[in-house]
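A quick write-up on the structure given underneath.
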Amino acid sequence: MKLRRRPLLLGLAGSLTSAAFTRRIFADPAPPPPKRLVLVMQTNGTQQGSFWPDANFQSPILAPILSNPRLRERTTAVRGLYVPWDAAGTDANEHDMGFARMFTGHRLMNIAGHPWGGGPSIDQIVAKAWREPTLNLACLTSRYEPFPKPGFLHRRSFSYVAPGVLKVPIEDPLLAYKRLFAPPAEQTEETRRRLATRRSVLDLVQADLADARDRVSREDRDRLDRHTEGIRQLERDLTRSLQGEALGCALRPQTPFDYTTGAPRKLVDDESDIPAIMSSMVDLAAIAITCGAPRIATLQFGYGGAKWGFDWEGIGENVHAELSHRDTSDEGSSPENTEKLVRVNRWYAKMIARLATQLDAMPEGEGTVLDNTLIVWANEFGRGDHSMLNVPTLFIGGAGMPRGPRLVDEGGQPFHRLGVSILRAMGLAAGGFGDMPDCGPIRGL
Amino acid sequence: MEVRTPGKLALGGILLAAFVTACTGDVARPAGVEELGTPSGAPRLRRLSAREFASSVRDLVGEEVDPKLLPQDLLTSGYDNGTLSLEVGAEEAAAFESAAESVAHAAVGKGWTRFGGGCDRAREEVSVCRDRLLATLGRRVFRRPVREPEAQRLRAVFDAASGGVDDAAGAEAAIGAMLQSPAFLYRTELGDSVMNGRAPLDPWERATALSYFLSGSTPDDSLMHSSERGGVATTDGVRFEARRLLALPGARAQLRHFVEEWLALDRLDTVTKDPALYPELDDALRRSMREEMTRFLDAVLDGGRGTLRDLFTSDLAFVDARLARIYGVSHEGDTMTEARLSPDLRAGVLTRAGYLTVHSGTDGTSPVERGLFTRSAFLCASMPAPPPGIDRNVPKTTAPTARERFALHDANERCQACHAAIDGAGFGFEQLDPIGRYRPFEGAAKVSASGILYDADLADPTFDGVVELEQRLLASARFRDCFVRHAFRFAMGTGEGSADGTSLRLLARGFTVDTPLADLFVAIATSPAFLERWAR
């Protein structure tokens, strides 16, 4: 088969990228390692009195992270971010305001009476700038309110590619594994022919898309451009397959359990494997990020306003309604309620520590992969009783963020500044974020 | 009650009517003129939903798509054809690719020349048959004639895959390519001319919009021929085709699909209950509920002849042994049979096991959830979230009934303002448990089903039980208007904008709870909102 010009170039790009992997993994002196970004979204707020680091930079909730000295010195906590009330004429409550706005910065959008995010989220903004794919993972299992319920579909993801357009997260770890770490195609005549056909079809789709582009509105042009980018990503994977390469890199995570056929309810309303599912997702993200394939990931603990029982931490009740809602002051409403919330929130911290530790175990450039990665752990609100003040926000890693341990505590600041600080750390110019076009970065960072 | 668009003749009529009305005030206006509406939205693309993709492929090449291969669609406007949220990113591109490849493979396995009007290999070159396939099937797949650059690219794909020897492989690749082309995946609503700022959809776009709205699938041959001959250029032509489509079996399924999404019944497959409290709800019962709903809706909607009154009053039921236990009726044998239920307790769709199972909590009846849904689905009255700083904790009590436990909302005046309306609607369902069984008692306490329906513009908003709630809804103009709004969202694939007010008002004007639903669908399909966009 005759190779045409463009696929050939794509092929070259593919092999350059894999050479870059090799260099990265074996820490050759080379151009600076690429930056990576991981956004983590938790719901239902935190226990304020037990979250923020003290003078020794320790806290009961953050102990799993801060007890590791290497992670501790790469951690910055930002206190004071708040989210202004914004219901946009819908039935939105604070869960939506934080969940759909924290990483988009935009006002909510009213679609048929329900609130949706009003613009792209940071992971997608960075992805577009870098022309990279993103890995979006979420566990939506809940026995109290299995997803979806009518009118709440917008709570499925905090990631948006455009106003009102969710980036739907992958809920099945095995599916994510297959997408990221597919083995190379067998090099038979038949598969080679099939791959060549696939490529010629994708070329056709791209050309048809380019034609369609001229006749449509700006919004639809953006839509078609995202389609084109999706096709390009398929072509990239295809090229590697044609060259007999596996996706991902030399590192292989453990193959996740096959929930879809083996235990489908565990992805719906059986909570017993939530820790296993989230751990599996954390591990996949860690290796994918290490490989740089992709360089942008999001992890989501439950849908917006998630309802989990935390049996695995010995709780056994609907934490959202029975514990978080009752946490009505920073000191805590009762020692018993506070103690349980600390256990719950410490579990989230354990998951973040699991991610950061794995990234920190991989040498890269002068330091480790963690030094070239920014992990942002945020929340849909501050405190469980729907207070939107002091949204718990933690940076771990580097990639342009100043080294910790540090507590930034400069009084109240609009959450939009978080967006500016992240975008700038990722090397993008940003004066403002979302509906605050000139808010600047986080003060005191 | 059909809305007419201004044809060239009608335009004169408008001016005349305006003149006549201005002079005399009460002269009857020419038919159709008062029913004008405005275009809706801007020119746009609408990606096929997963469901539309599957039904189109079925109609085009006669193959079923494995639903697991298709992307998962979001319901932004409450309906799975919500245009705004439907996109193709890497995930969706991969999904459509595998779906297209697998159906192309299956279809070509049964012979490819049947799609191109045959091929006489004794007399014809492969390239002739190839070109006929690409033009004939391509026109069906793209819902318009294939343009030359597209044809050129399809030929290239065909030739590359066939390598000059394996024409089936070429056909398979070309068909797979058609099904991934943006010309298939996106319906255009761009219009081809602009007059007075209005961009009427071109004939192909009209046929396409009509077919996906009323059949949930690609235009059939007859509609394609009709649009080619200018058959849908006029409102009368569109009306004729709409009536024709509504009489076909595809419309029956489409109408049911709309009602299922309106009532959120599609959630029946995934809704779960605490197994300790409701062990009866296993997969078999779920299937029975689903089956009953399908049959009930098909019977009551009756291909569009049914009305809202039929839907909200019918005592017709379909019962098997499992459902008989839920409904408390006797039943013989394993099959599902038609039955009549008590008209005092079980009239109308809101009394059915499937509806009640979807609309209740995992561990209780959830009057709040039932009330909120009643208000948003039937009155289009959404409730704002509780104000900031409100204490969300309803104190735990041992009160014997849910109503008494929720009465704490009434005790707090900041809660009471909204919850009087929310719980007031939801309490009407209290005698029906989370899987639809009649429950006159909660423990030893008698359960009351008295409720109140605010915001329905009713002289007497009080009611007792779901059957009376349905009567109140049927008497409410808000209910009727709200239904029109839902049908409009479904037709347009998006939430209504503020500029759609006139169109909605005009559509609602001729519509009552006794109007056959097909009439409303035809009215929407012939409205300017449906057939025209505002030019940019």
Side-chain angles (χ1 to χ4, degrees), chain A residues 1 85 87 90-94 110-114 116 133 143-146 148-151 153-154 156 161-162 164-168 179 193 196-198 200-205 207-209 211-212 215-217 220 223-224 226-227 229-231 233-234 268-269 325-326 328 385-386 388, chain B residues 42-45 72 74-78 82 84-85 87-94 97 101 147 149-150 153-154 156-157 160-161 169 173 176-177 180-183 186 188 190 264 267 270-272 274 358 362 369 372-373 376 380 382-386 388 391-393 489 494-496 536:
Chain A
M1 193 206 135
W85 172 270
T90 68
D91 55 0
N93 71 16
E94 291 85 349
N110 182 340
I111 306 177
H114 298 304
W116 295 77
R143 72 166 179 269
Y144 297 100
E145 198 171 75
K149 71 172 187 170
L153 289 145
H154 51 278
R156 185 173 184 173
V161 298
V165 187
L166 284 190
K167 171 78 183 173
V168 178
R179 294 271 163 80
R193 208 167 56 94
T197 301
R198 275 186 65 196
S200 78
V201 170
L202 293 177
D203 286 349
L204 171 144
V205 173
D208 282 1
L209 278 165
D211 282 0
R215 302 181 59 223
V216 301
S217 68
D220 281 333
R223 202 175 286 257
L224 294 177
R226 289 192 288 270
H227 188 161
E229 188 57 36
I231 298 290
Q233 284 169 26
L234 290 192
V268 182
D269 63 348
H325 279 179
R326 288 174 209 282
T328 50
D385 64 345
H386 288 217
M388 303 301 273
Chain B
R44 59 182 179 157
L45 299 178
Q72 288 184 306
L74 287 164
L75 291 83
T76 32
S77 56
L84 185 71
S85 68
E87 291 223 346
V88 186
E91 300 286 319
E92 291 80 9
E97 186 190 38
E101 282 178 357
R147 300 184 180 122
E150 293 164 340
R153 292 192 274 264
L154 286 168
V157 164
Q180 292 173 68
S181 167
Y186 299 95
T188 66
L190 304 175
R267 199 178 152 237
T270 52
V271 72
T272 55
D274 186 336
V358 165
T362 45
E369 190 171 328
L372 280 171
F373 189 79
S376 75
C380 292
S382 70
M383 204 40 108
D391 180 2
R392 288 159 191 278
N393 302 305
R489 286 173 189 169
T494 181
E496 66 282 0
R536 287 190 180 253

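Residue numbering restarts at 1 for every chain, and letters A, B, ... go by the order of the sequence lines.
The most heavy-atom pairs under 4.5 Å with chain A, out of B/Ala169, B/Ala42, B/Ser382, B/Ala94, come from B/Ala94. Per-residue counts of heavy-atom pairs under 4.5 Å with chain B were compared for A/Val168, A/Leu234, A/Thr328; the largest is that of A/Leu234. Between chain B and the options A/Ala207, A/Ala212, A/Gly113, the largest number of non-hydrogen pairs under 4.5 Å is found for A/Ala207. Of the residues considered (B/Gly495, B/Ser181, B/Pro384, B/Ala264), B/Ser181 shows the highest number of contacts with chain A, using heavy-atom pairs under 4.5 Å.
Rounding to the nearest 0.5 angstrom, the gap separating the CG atom in A/Leu204 from the CD atom in B/Gln180 is 9.0 Å. Interatomic distance, CE of B/Met383 versus OG1 of A/Thr90, reported as 13.5 Å (0.5 Å rounding). Atoms CZ and CD, from A/Arg179 and B/Glu91 in turn, are 4.0 Å apart once rounded to the nearest 0.5 Å. Between the OH atom in B/Tyr186 and the NE2 atom in A/His227 there is a gap of 5.0 Å [rounded to 0.5 Å]. We find the CD-CD distance between A/Glu145 and B/Glu369 to be 6.5 Å, quoted to the nearest 0.5 Å. Taking CZ of B/Arg153 as the reference point, atom CG of A/Asp208 lies at 4.5 Å (rounded to 0.5 Å).
Contact of B/Leu84 with chain A is made through backbone and side chain together, with heavy-atom distances under 4.5 Å. When heavy atoms are compared at a cutoff of 4.5 Å, A/Asp211 approaches chain B solely by way of its side chain, counted from C-beta outward. With a 4.5 angstrom heavy-atom cutoff, B/Leu154 touches chain A via backbone and side-chain atoms both. Residue contact with chain A, scored on non-hydrogen atoms closer than 4.5 Å, involves the side chain of B/Arg489 exclusively. With a 4.5 angstrom heavy-atom cutoff, B/Ala161 touches chain A via backbone and side-chain atoms both.
Scanning both residues, A/Val161 and B/Glu87, for their nearest heavy atoms gives CG2-OE1, 3.9 Å. Shortest non-hydrogen contact noted between B/Ala173 and A/Val201 is O-CG2, 3.9 Å. The shortest heavy-atom contact between B/Ser85 and A/Gly164 is CB-O, 4.0 Å. Of all the heavy atoms in A/Ala92 and B/Ala385, the pair that sits closest is O-CB, 2.9 Å.
In this structure, the side chain to side chain contact (heavy atoms under 4.5 Å, CB included) partners of A/His114, at least two apart in sequence or on a different chain, are A/Asp91, A/Trp116, A/His154.
Considering only heavy atoms from C-beta on, B/Thr362 comes within 4.5 Å of A/Pro146 through its side chain. Proximity of B/Thr272 to A/Arg143: side-chain heavy atoms (C-beta onward) are nowhere separated by under 4.5 Å. A 4.5 Å side-chain heavy-atom check between B/Pro182 and A/Val205 finds at least one atom pair inside the cut-off.
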